Amino acid sequence: MSRIALVTGGSRGIGAAISKALKDAGYTVAATYAGNDEKAAAFTAETGIKTYKWNVADYDECAAGIAKVEADLGPIDVLVNNAGITRDAPFHKMTREQWQEVMDTNLSGLFNMTHPIWPGMRERKFGRIISISSINGQKGQFGQANYSAAKAGDLGFTKALAQEGARAGITVNAICPGYIATEMVMAVPEKVRESIIGQIPVGRLGEAEEIARCVVFLASDEAGFITGSTITANGGQYFV
Ligand code: CAA
C-alpha cells in the first residue's frame, strides 16, 4: 500500500511540482486548491492527481475536506503545507485586511490543516508534516511585513510541533525557498524582480522542482532523524 500525501495549494506553482514529485516517488497524492477550478481540472487531467477545493484559512472547511480525502484515499501520512498568498504593500499603506488575509492563510492555515490530521498520525505512530515557509520569513522583505511575519511564524510552529511529534514517529520540518520561477514571483514588478535576481549568487530564479525534491526527501523514511529543521534553498541569497 502506498503512503497518502496531501499537498495544499498543490495544483499550481511549487505545490504542483511537489504533488507530481510525490506521485513519481510512489505516493498516492491529493492536492487542495482554493479557487481556480479550471487550472485544477487541467492539473487532474494531466497528472491523474485528485484535487479538492477548500480554503485553508477556514478550520471547518479543512476538517471537512480532510475527512473527505481520508474517506476517498485512506489516512494521511504526509501533509505538505504549501498554500500561501501575498498581499504586498509598504507598511504605511498596508491595510488590516492585507495583514489578516496573509496571517489567516499563511500562518493559521498550518494550524487548520495540521490539527485535524495530527491525532491520526499520533495513533498510527507515523507522520510527516512539511511546511513551505520562505526566505522572507528568515530575512524579512520590504513590502512584506505581513508575509514575513507569517512565514517566520511557520518556523516557530515547526520547531514547537517537532518536539511534540518526536516520540510519536512524526517529523515536522520546514523548507524556506528563495525566489522561485512561479506566478507569485512573476507578479513582482519587473524592475524589483530584476534587482532581486541580481542578489542571488547562482544568478537565476529557482525551479519549483528544486523545492519538490527537498519535500520528497523529508517525506522519506531515510529522513526519520530530521525533525524541527529548516532546509534553506535560495541559490545562496541568504545564509541562516
Ligand atoms: N528597499 C528599500 N526601498 C525600497 C525597496 C527595498 N527593497 N523596494 C522598494 N523601495 C522603495 C522604492 O525605491 C520607492 O522609493 P521612492 O518612493 O523614494 O521612489 C518606494 O519604496 C516605493 O514605494 P511605493 O509607495 O511606490 O510602493 P508601492 O506601493 O509601489 O509598493 C511594493 C511597492 C509592493 C512593496 C513593491 O516594491 C514590491 O512588490 N516589492 C517586492 C516585494 C517582494 O519581494 N515580494 C515577494 C513576492 S514573491 C514571494 O513572496 C515568494 C517568496 O516567498 C520569496
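All values reported here derive from a predicted model rather than from experimental measurement. Ligands are counted one by one from 1 in listed order, and the atoms in each one are counted from 1 as well. One is the number of the first residue; the rest follow in order along the sequence.
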(request) Indicate yes or no: does Arg213 engage Glu207 in a salt bridge with an N to O separation below 4.0 Å. (result)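 Glu207 and Arg213: not salt-bridged.
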
(request) Answer yes when Asp72 and Lys68 have at least one side-chain N-carboxylate O distance shorter than 4.0 Å, and no when they do not. (result)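 A salt bridge links Asp72 with Lys68.
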
(message) Side chain or backbone, does Ser133 bring an N or O within less than 3.5 Å of an N or O on ligand 1?
(response) no

(message) Tell me whether ligand 1 is touched by Ile196 - counting only heavy atoms on the residue side and a distance under 4.0 Å.
(response) yes

Test your reading of the model: is there a side-chain donor-acceptor pair from [X] to the backbone of [Y], 3.5 Å cut-off?
X      : Y      : result
Ser148 : Gly137 : no
Glu70  : Ile76  : yes
Ser133 : Lys151 : yes
Arg122 : Trp118 : no

(request) Indicate, as side chain, backbone, both or neither, the part of Pro177 found under 4.0 angstrom from ligand 1 when only non-hydrogen atoms are considered. (result) neither

(request) Say whether Asn136 and Tyr238, considering side chains only, have a donor N or O and an acceptor N or O under 3.5 Å apart. (result) no

[atom] protein-contacted (non-hydrogen atom, under 4.0 angstrom):
atom                    : result
atom 32 (C) of ligand 1 : no
atom 22 (C) of ligand 1 : no
atom 10 (N) of ligand 1 : yes
atom 19 (O) of ligand 1 : no
atom 51 (C) of ligand 1 : yes
atom 14 (C) of ligand 1 : no

Students should be able to answer this: which protein heavy-atom is nearest to [atom], and at what distance?
atom                    : value
atom 7 (N) of ligand 1  : Phe142 CB, 3.3 Å
atom 39 (O) of ligand 1 : Pro189 CD, 3.4 Å
atom 45 (N) of ligand 1 : Asp88 OD2, 2.8 Å
atom 25 (O) of ligand 1 : Lys93 NZ, 2.7 Å
atom 48 (S) of ligand 1 : Val185 CG2, 3.8 Å
atom 44 (O) of ligand 1 : Tyr179 OH, 2.8 Å
atom 37 (O) of ligand 1 : Val192 CG2, 4.0 Å
atom 35 (C) of ligand 1 : Gly143 CA, 3.6 Å

Atom indices of ligand 1, in the order listed, that fall short of 4.0 Å to a heavy atom of [X]:
X      : result
Asn136 : 54 (C)
Gln141 : 42 (C), 43 (C), 44 (O)
Ser134 : 52 (C), 53 (O), 54 (C)
Thr86  : 50 (O)

Point-to-point distance, once rounded to the nearest 0.5 Å, from [atom1] of [X] to [atom2] of [Y]:
X      : Y      : atom1 : atom2 : value
Phe111 : Asp104 : CZ    : CG    : 13.0 Å
Ile211 : Asn82  : CD1   : CG    : 10.0 Å
Ile130 : Phe217 : CD1   : CZ    : 10.5 Å
Ser108 : Asp58  : OG    : CG    : 11.0 Å
Leu161 : Asn173 : CG    : CG    : 11.0 Å
Asn55  : Glu61  : CG    : CD    : 5.5 Å

